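Pasting a structure below so you can have a look.
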Amino acid sequence: MTDEHHHRPDRVADTGPRLAPLPEDEWDPATRQLLAPIARDADGRLPHVFTTLVRHPGLFRHFLPFGSHLLRDGRLTDRTRELLILRTAHHTRAGYEWGRHVPLARAAGVTDEEIRRVGAGPDAHGWTPADALLLRAADELHRDARLSAATWSALAADHDEAQLIEITMLVGQYHMVAFFLNSAGTRLEPGYATETLPAPGEPGADAAEGAHGHV
C-alpha cells in the first residue's frame with residue numbers, strides 16, 4: 001500500500017453523511033423544478049448525489065447541464081466514458097461514484113472481469129491496447145494533471161480533437177464530483193451498495209499505482 005492510500009480512506013467514518021440528501025418533503029417549488037429532469041431510481045427516489053448537491057441551487061443549476069452533456073451527449077463511446085470514470089473513481093476512492101457507474105459500465109459492454117481489473121491498472125494482463133491507453137490517460141491526468149506527449153499522440157490516432165478535449169474534461173469532472181461526494185460523505189443507495197470499490201491492497205492494484213508513481 002502506498003503512502004497515498006493512508007491519506008485516502010475508502011469511506012467516511014460511519015456516523016452519517018456530513019451533508020444529508022434534502023428530503024422530498026422539504027423541496028420548495030424551485031428545488032422541484034431543478035430536480036425534475038433527473039430520472040428516479042427503481043424505488044422512486046432520486047440519487048443522493050443530486051438531492052445533496054441541490055442544497056446549493058445556484059451551482060446545481062449550472063452543474064447539471066454540463067454533467068448531463070458529458071454523460072449522455074458526449075462524443076466518446078459509452079465504453080470509453082465508463083472506463084475513464086471507473087478508473088477515476090478507483091483513484092479517488094469514491095465508492096459512491098464507483099457504485100453508480102458499474103451498472104452503466106456493464107450496459108456499455110464492460111464485462112465483470114474487466115470491471116474488477118480496472119483497479120489493477122493499464123498494465124494488467126487482458127486489456128486491449130486501446131483500453132490500456134484509456135486507463136493510462138486517466139492515471140496521467142490524476143497524477144500529473146496532464147497527458148504525456150506519448151499518450152496524447154496515441155489517443156489522437158483514434159480520437160478527433162473534440163474527443164481529446166472531452167477525455168480531459170470528463171476525467172476532471174469526475175475528480176470534482178468525487179471531491180464533493182467523499183467530503184460530503186454521500187452514501188450509496190441500497191440498490192447500488194453491492195458494487196464495492198476495489199480495495200487498494202487487492203492483487204495488482206498497488207503494483208499498478210506504484211508503477212505509475214490515484215482517482
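Just so you know, these numbers come straight off a predicted model, no measurement behind them. The chain is numbered in sequence order, starting from 1.
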Mind listing the closest non-hydrogen atom pair of Tyr96 and Val49 along with its distance?
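Where Tyr96 meets Val49 most closely, the heavy atoms are OH-N, 3.2 Å.
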
Hey, are the side chains of Asp131 and Thr128 touching, using non-hydrogen atoms and a 4.5 Å cut-off?
yes

Taking the six-membered ring for Trp and the full ring for Phe, Tyr or His, determine whether the centres of His56 and Phe63 are under 6.0 Å apart.
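No, ring centres 6.0 Å or more apart.
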
Side chains of Pro47 and Tyr192: does their closest heavy-atom pair fall under 4.5 Å?
no

Heavy atoms only: give me the nearest Ala89-Leu197 pair and the separation to one decimal.
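Taking Ala89 first and Leu197 second, the nearest heavy atoms are O-CD1, 3.8 Å.
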
Using a strict cut-off of less than 4.0 Å between a Lys/Arg side-chain nitrogen and an Asp/Glu carboxylate oxygen, indicate whether Arg136 and Asp139 qualify as a salt bridge.
no

Do Thr52 and Leu22 have side-chain heavy atoms sitting under 4.5 Å apart?
no

Rounded distance (nearest 0.5 Å) linking atom CZ of Phe180 with atom CG of Leu59
9.0 Å

Nearest heavy-atom neighbours spanning Phe60 and Ile38
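For Phe60 and Ile38, the tightest heavy-atom pair comes out as CZ-CD1, 3.6 Å.
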
May I ask you to decide if the ring planes of His175 and Phe179 are parallel, tilted or perpendicular, using 30° and 60° as cut-offs?
perpendicular

Do NZ/NE/NH1/NH2 and the carboxylate oxygens of Arg79 and Glu114 come within less than 4.0 Å?
yes

Looking at Arg87 and Glu97, does any basic side-chain N land under 4.0 Å from a carboxylate oxygen?
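The answer is no: the pair does not qualify as a salt bridge.
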
More than 12 heavy atoms of other residues, nucleotides or ligands under 6.0 Å from CD of Glu24: is that the case?
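Yes - once you tally the heavy atoms of other residues, nucleotides and ligands closer than 6.0 Å, there are more than 12.
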
What are the two closest non-hydrogen atoms of Ala39 and Leu46, and how far apart are they?
O-CD2, 3.7 Å

Would you compute the distance between atom CG of Leu53 and atom CG of Leu64 and round it to the nearest 0.5 angstrom?
9.0 Å

So, the side chain of Glu166 versus the backbone of Arg75: is there a donor-acceptor pair under 3.5 Å, distance only?
yes

Are more than 12 heavy atoms, taken from residues, nucleotides or ligands other than Met176, located less than 6.0 Å from that residue's CE atom?
yes

With a 4.0 Å cut-off on N to O distance, would you call Arg100 and Glu195 a salt bridge?
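Here Arg100 does not pair with Glu195 in a salt bridge, since their nearest N and O are not under 4.0 Å apart.
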
Is there a side-chain hydrogen bond (donor to acceptor under 3.5 Å, both in side chains) between His48 and Arg45 once you walk through the steps?
CA-CA 9 Å; His48 292 161; Arg45 299 175 183 271; over 6 Å; no

Does Arg32 CZ have over 12 foreign heavy atoms under 6.0 Å away?
yes

Quick check on Glu113: does its CD atom have over 12 non-hydrogen neighbours (other residues, nucleotides or ligands) under 6.0 Å away?
yes

Indicate yes or no: at least one non-hydrogen side-chain atom of Thr196 is less than 4.5 angstrom from one of Trp98.
no

